[in-house]
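When a ligand or atom number is given, it counts from 1 through the structure's own listing order.
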Amino acid sequence: MLQLIVTKYMKCYKRFFYCNFFFFQRNIKRRNRCLYTTPPVCCSICSDAKLKDPFSLAQKDLQNLYEEIKKQLLVSKAELKVLCDYYFDGKGKAFRPMIVILMARACNVHSNKEGVLLPAQRSIAMISEMIHTASLVHDDVIDDSDTRRGKNTINKVWGERKAILAGDFILSAASMALARIGNNTVVSVLSQVIEDLVRGEFMQLGSKENENERFKHYLEKTFKKTASLIANSCKAVSILVNSDPEVHEIAYQYGRNVGIAFQLVDDILDFTSCANLLGKPSAADLKLGLATGPVLFACQQFPELHAMIMRRFSSDGDVDRAWQYVLKSDGVEQTNYLAQHYCQEAIRQISRLRPSTERDALIQLTELVLRRDK
Ligand code: GRG
């Protein structure tokens, strides 16, 4: 039965995904000449509620989040405990828990449960940050990264084996916290995230010869690696307060679209931001052999990039040459335009909820996603 539901859901998702993709491709051809004329997405806010900064609005609910996470990481072995706690130092943006809190409160208002954040909804905020962190720890092993958030990675300080075990431990603590919520649907929704993270990471290991296939592959990977966690965490908090599947879908689609936009901006920052600000080396994606949005768009203008993409920038000078092509092209602007498209869709979705300060903060958040510089 579950298999049937998942298959049906995937079919729906695929249809939606391809529709979106081809819609965008058509649009981008039409708008190629007027990329800078798109109005800022914040113009679409359509409620009277007073605007509040999303981070300060969620701050009170997020107080002590990291302390509580560390309490979940019950390890008797002192060294493992140090590794597990390493990234829960308040240096991350806490972007996922913030969205989850705002979505929970927006759904609560929509469902006439004003003012009350359910403890289970707050747990989802905590669990989403734990899953995110576990995936970062494993990702740094896969990429052999030396720095993250401006400090040495766990794999760099303690070695790969211990880093993998620390990631596993954080994930197991997150799974136990999830089980304690005691809602099977929510367990299944967040388990999907772990599958998507692994599949997304796997997709990143492969390349596609055909250009259209390559773009589809990139967007699907982007959903799985980054957006699935945000989408499904948003869905989980909506399930906890409302039984209407339409509300779950709004929450999911908001998270999905914001999540994809977030990753597209991340891919842009790899070209435009300096290493100091990012806390990791810039051009890191090219160095890892990855062709992200800016390169894929640049390849439409400079077909010379095709061969480099296929050999994953592995020949001498590839990284520098590809970098130059991207900067000469409008790949960054096109990727930014694509991110705007996803943010507009996120706004369209969330605007279907009843007005609330939190709903409007989620709308405002799309602008912060597009403007962020780290
Ligand atoms: C162990 C759950 C698990 C998964 C294994 C390694 C892997 C499969 C997946 C990697 C997923 C991954 C690291 C995606 C990158 C997502 C991303 C954009 C990270 C950066 O997020 P920020 O900018 O980071 O929010 P901070 O540091 O602010 O938390």
Undergrad: Has Arg352 got a side-chain atom pairing as donor or acceptor with Ile250's backbone, closer than 3.5 angstrom?
TA: no
Undergrad: Hey, does Lys93 come in under 3.5 Å of ligand 1, counting only N/O atoms on both sides?
TA: yes
Undergrad: Side chain or backbone of Lys225 under 4.0 Å from ligand 1, or both, or neither, by non-hydrogen atoms?
TA: both
Undergrad: Going by an N to O cut-off under 4.0 Å, is there a salt bridge joining Arg199 and Asp196?
TA: no
Undergrad: What residues form a side chain to side chain donor-acceptor pair (under 3.5 Å) with Ser111, not counting sequence neighbours?
TA: Asn242
Undergrad: Can a cation-pi geometry be assigned to Arg372 and Phe262, taking NZ or CZ under 6.0 Å from the six-membered ring centre and within 45° of the ring axis?
TA: yes
Undergrad: State if Tyr87 counts as touching ligand 1 under the rule of any non-hydrogen atom under 4.0 Å.
TA: no
Undergrad: Please confirm whether His132 approaches ligand 1 to less than 4.0 Å, judged on its heavy atoms.
TA: yes
Undergrad: Does either side chain, that of Gln121 or that of Asp61, offer a donor lying less than 3.5 Å from an acceptor on the other one?
TA: no
Undergrad: Which of the numbered atoms in ligand 1 are below 4.0 angstrom from a heavy atom of Thr226?
TA: 16 (C)
Undergrad: Within the 4.0 Å heavy-atom shell around Arg149, which atoms of ligand 1 are there?
TA: 26 (P), 27 (O), 29 (O)
Undergrad: Here's one to test your reading of the geometry: is the NZ or CZ of Lys224 within 45 degrees of the ring axis of Phe202 and under 6.0 Å from its centre?
TA: no
Undergrad: Any salt bridge linking Glu68 with Lys71? Criterion: basic side-chain nitrogen under 4.0 Å from a carboxylate oxygen.
TA: no
Undergrad: What part of Gln263 sits under 4.0 Å from ligand 1 if we count only heavy atoms: the side chain, the backbone, both or neither?
TA: side chain
Undergrad: I'd like to check whether Arg96 has a polar contact with ligand 1, where a contact means an N/O of the residue lying under 3.5 Å from an N/O of the ligand.
TA: yes
Undergrad: What are the atoms of ligand 1, with element, lying closer than 4.0 Å to any heavy atom of Ile142?
TA: 6 (C)
